[in-house]
Colleague: 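One structure follows; several queries about it will come next.
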Amino acid sequence: MEVYIDGKFYPKNDAKISVFDHGLLYGDGVFEGIRVYDNCIFKFEEHLERLEYSAKGIALQLPWSRKEIAAATIETCRRNGISSGYIRLVVTRGTGDLGLSPRNCSSPTIIIIADTIKLYPEEFYKIGIKLITVPTRRVNPAALPPMIKSLNYLNNILAKIEALQHGYHECLLLNDQGYVAECSGDNLFLIHRGRLLTPASYAGALVGITRQAVIEIAAKLKLPVVETNLTRYDVFNADEAFLTGSAAEVVPVVELDGRVIGTGKPGKLTGKILEAFRKKVTQDGTRIAPKKAKK
Ligand code: PXG
(Lines give C-alpha, C1' and ligand atoms only; values in the text may rest on other atoms or scores of the structure.)
Protein backbone atom coordinates (compact mmCIF):
# COMPACT_ATOMS: atom_id res chain seq x y z
CA MET A 1 0.00 0.00 0.00
CA GLU A 2 1.13 3.53 -0.77
CA VAL A 3 -0.14 6.50 1.20
CA TYR A 4 -0.24 10.04 -0.14
CA ILE A 5 1.17 12.69 2.19
CA ASP A 6 1.67 16.27 1.02
CA GLY A 7 2.34 15.52 -2.62
CA LYS A 8 4.37 12.31 -2.26
CA PHE A 9 3.60 8.60 -1.98
CA TYR A 10 5.06 6.51 0.85
CA PRO A 11 4.92 2.76 1.54
CA LYS A 12 2.49 2.06 4.42
CA ASN A 13 5.23 1.62 7.04
CA ASP A 14 6.98 4.86 6.05
CA ALA A 15 3.78 6.91 5.89
CA LYS A 16 4.41 9.10 8.93
CA ILE A 17 3.77 12.62 10.11
CA SER A 18 5.33 14.74 12.85
CA VAL A 19 4.43 14.18 16.51
CA PHE A 20 4.12 17.99 16.59
CA ASP A 21 1.28 17.91 14.07
CA HIS A 22 -1.72 19.54 15.73
CA GLY A 23 -3.92 16.85 14.19
CA LEU A 24 -2.31 14.47 16.69
CA LEU A 25 -1.69 16.89 19.57
CA TYR A 26 -5.18 18.42 19.58
CA GLY A 27 -7.35 16.55 17.07
CA ASP A 28 -7.14 19.76 15.08
CA GLY A 29 -8.16 18.81 11.57
CA VAL A 30 -10.93 17.48 9.36
CA PHE A 31 -11.54 14.35 7.32
CA GLU A 32 -13.74 12.49 4.85
CA GLY A 33 -14.55 8.79 4.49
CA ILE A 34 -15.48 8.07 0.87
CA ARG A 35 -16.60 4.91 -0.91
CA VAL A 36 -15.45 3.74 -4.32
CA TYR A 37 -17.74 1.32 -6.13
CA ASP A 38 -16.58 -0.31 -9.33
CA ASN A 39 -14.29 2.58 -10.36
CA CYS A 40 -16.81 5.20 -9.35
CA ILE A 41 -16.08 7.51 -6.40
CA PHE A 42 -19.54 7.86 -4.91
CA LYS A 43 -20.69 11.48 -4.42
CA PHE A 44 -17.08 12.65 -4.77
CA GLU A 45 -17.93 16.33 -5.33
CA GLU A 46 -20.24 16.30 -2.29
CA HIS A 47 -17.45 14.85 -0.13
CA LEU A 48 -14.96 17.44 -1.39
CA GLU A 49 -17.47 20.20 -0.72
CA ARG A 50 -18.08 18.92 2.82
CA LEU A 51 -14.32 18.83 3.39
CA GLU A 52 -14.13 22.48 2.31
CA TYR A 53 -17.05 23.39 4.59
CA SER A 54 -15.50 21.49 7.53
CA ALA A 55 -12.18 23.25 6.92
CA LYS A 56 -13.92 26.62 6.87
CA GLY A 57 -15.77 25.62 10.03
CA ILE A 58 -12.46 25.27 11.87
CA ALA A 59 -10.86 28.31 10.17
CA LEU A 60 -8.40 26.13 8.25
CA GLN A 61 -7.57 27.53 4.85
CA LEU A 62 -7.01 24.72 2.37
CA PRO A 63 -3.92 25.56 0.32
CA TRP A 64 -5.04 23.17 -2.45
CA SER A 65 -7.81 23.61 -4.99
CA ARG A 66 -10.67 21.09 -5.16
CA LYS A 67 -9.22 19.92 -8.50
CA GLU A 68 -5.82 19.26 -6.92
CA ILE A 69 -7.33 17.28 -4.04
CA ALA A 70 -9.50 15.32 -6.49
CA ALA A 71 -6.52 14.50 -8.73
CA ALA A 72 -4.41 13.35 -5.75
CA THR A 73 -7.30 11.18 -4.50
CA ILE A 74 -7.80 9.53 -7.89
CA GLU A 75 -4.04 8.95 -8.22
CA THR A 76 -4.01 7.31 -4.75
CA CYS A 77 -6.79 4.92 -5.82
CA ARG A 78 -4.93 4.06 -9.05
CA ARG A 79 -1.59 3.46 -7.35
CA ASN A 80 -3.23 1.12 -4.86
CA GLY A 81 -5.36 -0.65 -7.43
CA ILE A 82 -8.52 0.32 -5.55
CA SER A 83 -11.51 0.01 -7.89
CA SER A 84 -13.89 -0.74 -5.00
CA GLY A 85 -12.98 0.36 -1.49
CA TYR A 86 -12.70 3.19 0.93
CA ILE A 87 -10.82 6.47 0.80
CA ARG A 88 -9.76 8.24 3.97
CA LEU A 89 -8.92 11.86 3.23
CA VAL A 90 -7.41 13.70 6.21
CA VAL A 91 -6.37 17.32 6.52
CA THR A 92 -4.59 18.35 9.72
CA ARG A 93 -3.61 21.80 10.93
CA GLY A 94 -0.01 20.78 10.32
CA THR A 95 3.19 20.85 12.35
CA GLY A 96 3.47 23.50 15.02
CA ASP A 97 4.73 24.19 18.55
CA LEU A 98 3.10 23.01 21.76
CA GLY A 99 0.13 25.20 22.58
CA LEU A 100 -3.37 25.36 21.15
CA SER A 101 -2.85 28.28 18.81
CA PRO A 102 -3.00 27.18 15.18
CA ARG A 103 -1.03 30.32 14.33
CA ASN A 104 2.29 28.60 14.94
CA CYS A 105 1.45 25.80 12.49
CA SER A 106 3.28 26.29 9.23
CA SER A 107 0.91 24.67 6.72
CA PRO A 108 -1.81 22.00 6.71
CA THR A 109 -0.94 18.37 6.08
CA ILE A 110 -2.99 16.27 3.66
CA ILE A 111 -3.09 12.50 3.90
CA ILE A 112 -4.94 10.19 1.51
CA ILE A 113 -5.37 6.48 2.17
CA ALA A 114 -7.13 4.18 -0.30
CA ASP A 115 -7.95 0.78 1.17
CA THR A 116 -10.79 -1.66 1.62
CA ILE A 117 -13.25 -1.58 4.54
CA LYS A 118 -15.73 -3.91 6.16
CA LEU A 119 -17.61 -2.26 8.97
CA TYR A 120 -20.29 -4.74 9.97
CA PRO A 121 -20.72 -8.48 9.47
CA GLU A 122 -22.61 -9.33 6.26
CA GLU A 123 -25.53 -10.84 8.24
CA PHE A 124 -26.47 -7.40 9.63
CA TYR A 125 -27.61 -6.36 6.17
CA LYS A 126 -29.92 -9.38 6.03
CA ILE A 127 -31.19 -9.73 9.61
CA GLY A 128 -30.65 -6.19 10.84
CA ILE A 129 -28.67 -4.64 13.68
CA LYS A 130 -29.66 -4.17 17.33
CA LEU A 131 -28.87 -0.86 19.00
CA ILE A 132 -28.47 0.32 22.57
CA THR A 133 -28.84 3.88 23.85
CA VAL A 134 -25.64 4.94 25.59
CA PRO A 135 -25.27 7.35 28.54
CA THR A 136 -22.78 9.54 26.64
CA ARG A 137 -24.65 12.44 25.06
CA ARG A 138 -23.85 13.87 21.64
CA VAL A 139 -21.81 17.02 22.02
CA ASN A 140 -23.86 20.21 21.96
CA PRO A 141 -23.90 21.82 18.47
CA ALA A 142 -23.02 25.14 20.11
CA ALA A 143 -19.83 23.53 21.48
CA LEU A 144 -18.80 21.73 18.30
CA PRO A 145 -21.09 21.89 15.26
CA PRO A 146 -21.91 18.31 14.19
CA MET A 147 -21.66 19.38 10.53
CA ILE A 148 -17.89 19.66 10.96
CA LYS A 149 -16.34 16.27 10.28
CA SER A 150 -13.42 16.94 12.58
CA LEU A 151 -10.60 14.74 13.83
CA ASN A 152 -12.11 15.14 17.31
CA TYR A 153 -14.00 11.85 17.57
CA LEU A 154 -13.73 11.22 21.31
CA ASN A 155 -17.43 11.90 21.86
CA ASN A 156 -18.26 9.20 19.32
CA ILE A 157 -15.54 6.83 20.56
CA LEU A 158 -16.76 7.05 24.17
CA ALA A 159 -20.23 6.11 22.93
CA LYS A 160 -18.82 3.26 20.84
CA ILE A 161 -16.91 1.91 23.85
CA GLU A 162 -20.13 1.88 25.89
CA ALA A 163 -21.91 0.02 23.10
CA LEU A 164 -19.11 -2.55 22.81
CA GLN A 165 -19.00 -3.03 26.59
CA HIS A 166 -22.63 -4.11 26.43
CA GLY A 167 -22.08 -6.40 23.45
CA TYR A 168 -23.50 -4.09 20.78
CA HIS A 169 -21.82 -3.02 17.53
CA GLU A 170 -23.52 0.35 17.31
CA CYS A 171 -25.41 2.67 19.62
CA LEU A 172 -27.88 5.51 19.72
CA LEU A 173 -26.70 8.86 21.03
CA LEU A 174 -29.18 11.38 22.38
CA ASN A 175 -28.40 15.09 22.46
CA ASP A 176 -28.29 17.03 25.73
CA GLN A 177 -32.04 17.69 25.48
CA GLY A 178 -32.73 13.97 25.22
CA TYR A 179 -33.65 13.95 21.54
CA VAL A 180 -32.17 11.40 19.14
CA ALA A 181 -29.00 12.74 17.51
CA GLU A 182 -27.37 9.92 15.55
CA CYS A 183 -25.30 6.78 16.04
CA SER A 184 -21.57 6.77 16.82
CA GLY A 185 -20.65 6.72 13.14
CA ASP A 186 -23.93 6.64 11.22
CA ASN A 187 -27.12 8.63 10.74
CA LEU A 188 -30.49 7.19 11.78
CA PHE A 189 -33.75 7.06 9.82
CA LEU A 190 -37.16 5.88 11.01
CA ILE A 191 -40.10 4.94 8.84
CA HIS A 192 -43.52 5.62 10.28
CA ARG A 193 -46.74 5.32 8.29
CA GLY A 194 -44.89 5.64 5.00
CA ARG A 195 -42.85 8.70 5.98
CA LEU A 196 -39.10 8.86 6.58
CA LEU A 197 -38.13 10.65 9.79
CA THR A 198 -34.59 11.72 10.63
CA PRO A 199 -33.06 14.16 13.11
CA ALA A 200 -31.94 17.51 11.74
CA SER A 201 -28.29 18.41 11.93
CA TYR A 202 -28.88 20.91 14.75
CA ALA A 203 -30.11 18.00 16.87
CA GLY A 204 -26.53 16.69 16.73
CA ALA A 205 -26.29 14.77 13.46
CA LEU A 206 -23.58 14.93 10.84
CA VAL A 207 -24.96 15.96 7.45
CA GLY A 208 -24.17 12.54 6.09
CA ILE A 209 -23.56 12.03 2.38
CA THR A 210 -25.37 8.67 2.55
CA ARG A 211 -28.20 10.37 4.45
CA GLN A 212 -28.47 12.85 1.58
CA ALA A 213 -28.41 10.01 -0.98
CA VAL A 214 -31.28 8.30 0.89
CA ILE A 215 -33.26 11.56 0.88
CA GLU A 216 -32.83 11.65 -2.92
CA ILE A 217 -33.92 8.01 -3.20
CA ALA A 218 -36.98 8.73 -1.03
CA ALA A 219 -37.98 11.56 -3.38
CA LYS A 220 -37.78 9.15 -6.35
CA LEU A 221 -39.84 6.56 -4.47
CA LYS A 222 -42.31 9.31 -3.51
CA LEU A 223 -41.72 8.77 0.20
CA PRO A 224 -41.98 12.01 2.20
CA VAL A 225 -38.95 12.85 4.37
CA VAL A 226 -39.31 14.90 7.55
CA GLU A 227 -36.38 16.30 9.52
CA THR A 228 -37.68 16.48 13.05
CA ASN A 229 -36.96 16.01 16.73
CA LEU A 230 -37.26 12.34 17.68
CA THR A 231 -37.21 10.53 21.00
CA ARG A 232 -36.59 6.89 21.92
CA TYR A 233 -40.39 6.54 22.04
CA ASP A 234 -40.48 7.33 18.29
CA VAL A 235 -37.81 4.72 17.61
CA PHE A 236 -39.64 2.04 19.65
CA ASN A 237 -42.85 2.74 17.75
CA ALA A 238 -41.39 3.09 14.27
CA ASP A 239 -42.54 0.63 11.61
CA GLU A 240 -38.96 0.36 10.34
CA ALA A 241 -35.56 1.89 11.04
CA PHE A 242 -32.17 1.94 9.37
CA LEU A 243 -28.70 3.44 9.63
CA THR A 244 -26.77 5.21 6.91
CA GLY A 245 -23.07 5.91 6.47
CA SER A 246 -20.37 5.74 3.82
CA ALA A 247 -18.72 2.81 5.55
CA ALA A 248 -21.97 1.26 6.85
CA GLU A 249 -24.08 1.98 3.72
CA VAL A 250 -27.74 1.18 4.58
CA VAL A 251 -28.25 -1.15 7.56
CA PRO A 252 -31.70 -2.20 8.81
CA VAL A 253 -32.26 -1.65 12.56
CA VAL A 254 -34.51 -4.19 14.27
CA GLU A 255 -34.20 -3.45 17.97
CA LEU A 256 -33.43 -0.61 20.39
CA ASP A 257 -32.75 -1.21 24.09
CA GLY A 258 -34.26 -4.68 23.92
CA ARG A 259 -37.49 -3.49 22.30
CA VAL A 260 -38.38 -4.85 18.91
CA ILE A 261 -38.91 -2.32 16.11
CA GLY A 262 -41.76 -3.16 13.71
CA THR A 263 -41.78 -6.87 12.91
CA GLY A 264 -38.26 -7.37 14.28
CA LYS A 265 -37.09 -8.10 10.74
CA PRO A 266 -35.66 -5.67 8.15
CA GLY A 267 -38.58 -3.67 6.79
CA LYS A 268 -39.98 -3.75 3.25
CA LEU A 269 -39.39 -0.06 2.53
CA THR A 270 -35.89 -0.31 3.99
CA GLY A 271 -35.28 -3.15 1.52
CA LYS A 272 -36.50 -0.98 -1.37
CA ILE A 273 -34.26 1.88 -0.27
CA LEU A 274 -31.26 -0.45 0.10
CA GLU A 275 -31.91 -1.86 -3.38
CA ALA A 276 -32.13 1.65 -4.88
CA PHE A 277 -28.99 2.64 -2.99
CA ARG A 278 -27.02 -0.29 -4.45
CA LYS A 279 -28.01 0.88 -7.95
CA LYS A 280 -27.22 4.51 -7.23
CA VAL A 281 -23.67 3.96 -5.96
CA THR A 282 -22.23 3.14 -9.37
CA GLN A 283 -24.26 5.79 -11.18
CA ASP A 284 -23.81 8.80 -8.97
CA GLY A 285 -20.23 9.88 -8.73
CA THR A 286 -16.90 10.39 -10.44
CA ARG A 287 -15.45 7.67 -12.69
CA ILE A 288 -11.79 6.91 -12.10
CA ALA A 289 -11.44 4.51 -15.01
CA PRO A 290 -13.32 4.32 -18.27
CA LYS A 291 -16.16 1.83 -18.37
CA LYS A 292 -15.11 -1.21 -20.37
CA ALA A 293 -16.93 -1.37 -23.68
CA LYS A 294 -19.54 -4.12 -23.78
CA LYS A 295 -18.60 -6.94 -26.12
N1 PXG B 1 -22.37 10.44 11.65
C2 PXG B 1 -21.09 10.40 12.03
C3 PXG B 1 -20.73 10.89 13.39
C4 PXG B 1 -20.12 9.91 11.16
O5 PXG B 1 -18.84 9.89 11.54
C6 PXG B 1 -21.84 9.50 9.52
C7 PXG B 1 -22.75 10.01 10.42
C8 PXG B 1 -22.31 9.10 8.16
O9 PXG B 1 -21.95 10.07 7.20
P10 PXG B 1 -21.61 9.71 5.70
O11 PXG B 1 -21.25 11.01 5.08
O12 PXG B 1 -20.48 8.72 5.71
O13 PXG B 1 -22.83 9.14 5.10
C14 PXG B 1 -20.49 9.42 9.89
C15 PXG B 1 -19.50 8.82 8.94
C16 PXG B 1 -13.92 6.35 9.16
C17 PXG B 1 -15.32 6.51 9.63
O18 PXG B 1 -13.15 5.68 9.83
C19 PXG B 1 -16.10 7.57 9.22
C20 PXG B 1 -17.39 7.74 9.71
C21 PXG B 1 -17.88 6.84 10.58
C22 PXG B 1 -17.10 5.77 11.00
C23 PXG B 1 -15.81 5.59 10.52
O24 PXG B 1 -13.56 6.87 8.11
N25 PXG B 1 -18.14 8.82 9.29
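Counting starts at 1 for both ligands and their atoms, following the listed order. The basis for the numbers below is simple: all heavy atoms, side chains too, and nothing from hydrogens, waters or symmetry mates.
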Colleague: Tabulated below should be the N or O atoms of ligand 1 paired with protein N or O atoms at under 3.5 Å; can you produce that?
Modeller:
{"residue": "ligand 1", "atom": "1 (N)", "partner": "Glu182", "partner atom": "OE1", "Å": "2.6"}
{"residue": "ligand 1", "atom": "5 (O)", "partner": "Lys149", "partner atom": "NZ", "Å": "3.3"}
{"residue": "ligand 1", "atom": "5 (O)", "partner": "Tyr153", "partner atom": "OH", "Å": "2.4"}
{"residue": "ligand 1", "atom": "11 (O)", "partner": "Arg50", "partner atom": "NH1", "Å": "2.8"}
{"residue": "ligand 1", "atom": "11 (O)", "partner": "Arg50", "partner atom": "NH2", "Å": "3.0"}
{"residue": "ligand 1", "atom": "11 (O)", "partner": "Ile209", "partner atom": "N", "Å": "2.7"}
{"residue": "ligand 1", "atom": "12 (O)", "partner": "Ser246", "partner atom": "N", "Å": "2.8"}
{"residue": "ligand 1", "atom": "12 (O)", "partner": "Ser246", "partner atom": "OG", "Å": "2.6"}
{"residue": "ligand 1", "atom": "13 (O)", "partner": "Ile209", "partner atom": "N", "Å": "3.3"}
{"residue": "ligand 1", "atom": "13 (O)", "partner": "Thr210", "partner atom": "N", "Å": "2.9"}
{"residue": "ligand 1", "atom": "13 (O)", "partner": "Thr210", "partner atom": "OG1", "Å": "2.6"}
{"residue": "ligand 1", "atom": "13 (O)", "partner": "Ser246", "partner atom": "N", "Å": "3.4"}
{"residue": "ligand 1", "atom": "24 (O)", "partner": "Tyr86", "partner atom": "OH", "Å": "2.7"}
{"residue": "ligand 1", "atom": "24 (O)", "partner": "Arg88", "partner atom": "NE", "Å": "2.8"}
{"residue": "ligand 1", "atom": "25 (N)", "partner": "Lys149", "partner atom": "NZ", "Å": "2.5"}

Colleague: Could you tell me whether Gln283 atom CD has more than 12 heavy atoms of other residues or ligands within 6.0 Å of it?
Modeller: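 Counting other residues, nucleotides and ligands, CD of Gln283 exceeds 12 neighbours.
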Colleague: Does the structure place the NZ or CZ of Arg79 under 6.0 Å from the centre of the six-membered ring of Phe9, at an angle of no more than 45° from the ring's axis?
Modeller: yes
Colleague: For the residue pair Ile58 and Arg93, establish whether any side-chain heavy-atom pair is separated by less than 4.5 Å.
Modeller: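 Contact flag for Ile58/Arg93 side chains = yes.
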Colleague: Should side-chain heavy atoms under 4.5 Å link Ile, Leu, Val, Met, Phe, Trp and Tyr, which residues sit in the same cluster as Tyr179?
Modeller: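 Reading the cluster by chain and number, Tyr179 sits alone, since nothing else belongs.
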Colleague: Sort and list the pairs that fulfil ring-ring contact (aromatic ring centres under 6.0 Å, His included) and have at least one residue in residues 119-171, not counting sequence neighbours.
Modeller: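 Every pair satisfying ring-ring contact (aromatic ring centres under 6.0 Å, His included) with a residue in residues 119-171: Phe31-Tyr153, Tyr120-Phe124, Phe124-His169.
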Colleague: Partners of Asp284 by side-chain contact (heavy atoms from CB on, under 4.5 Å), sequence neighbours excluded?
Modeller: Phe42, Lys43, Glu216, Lys280
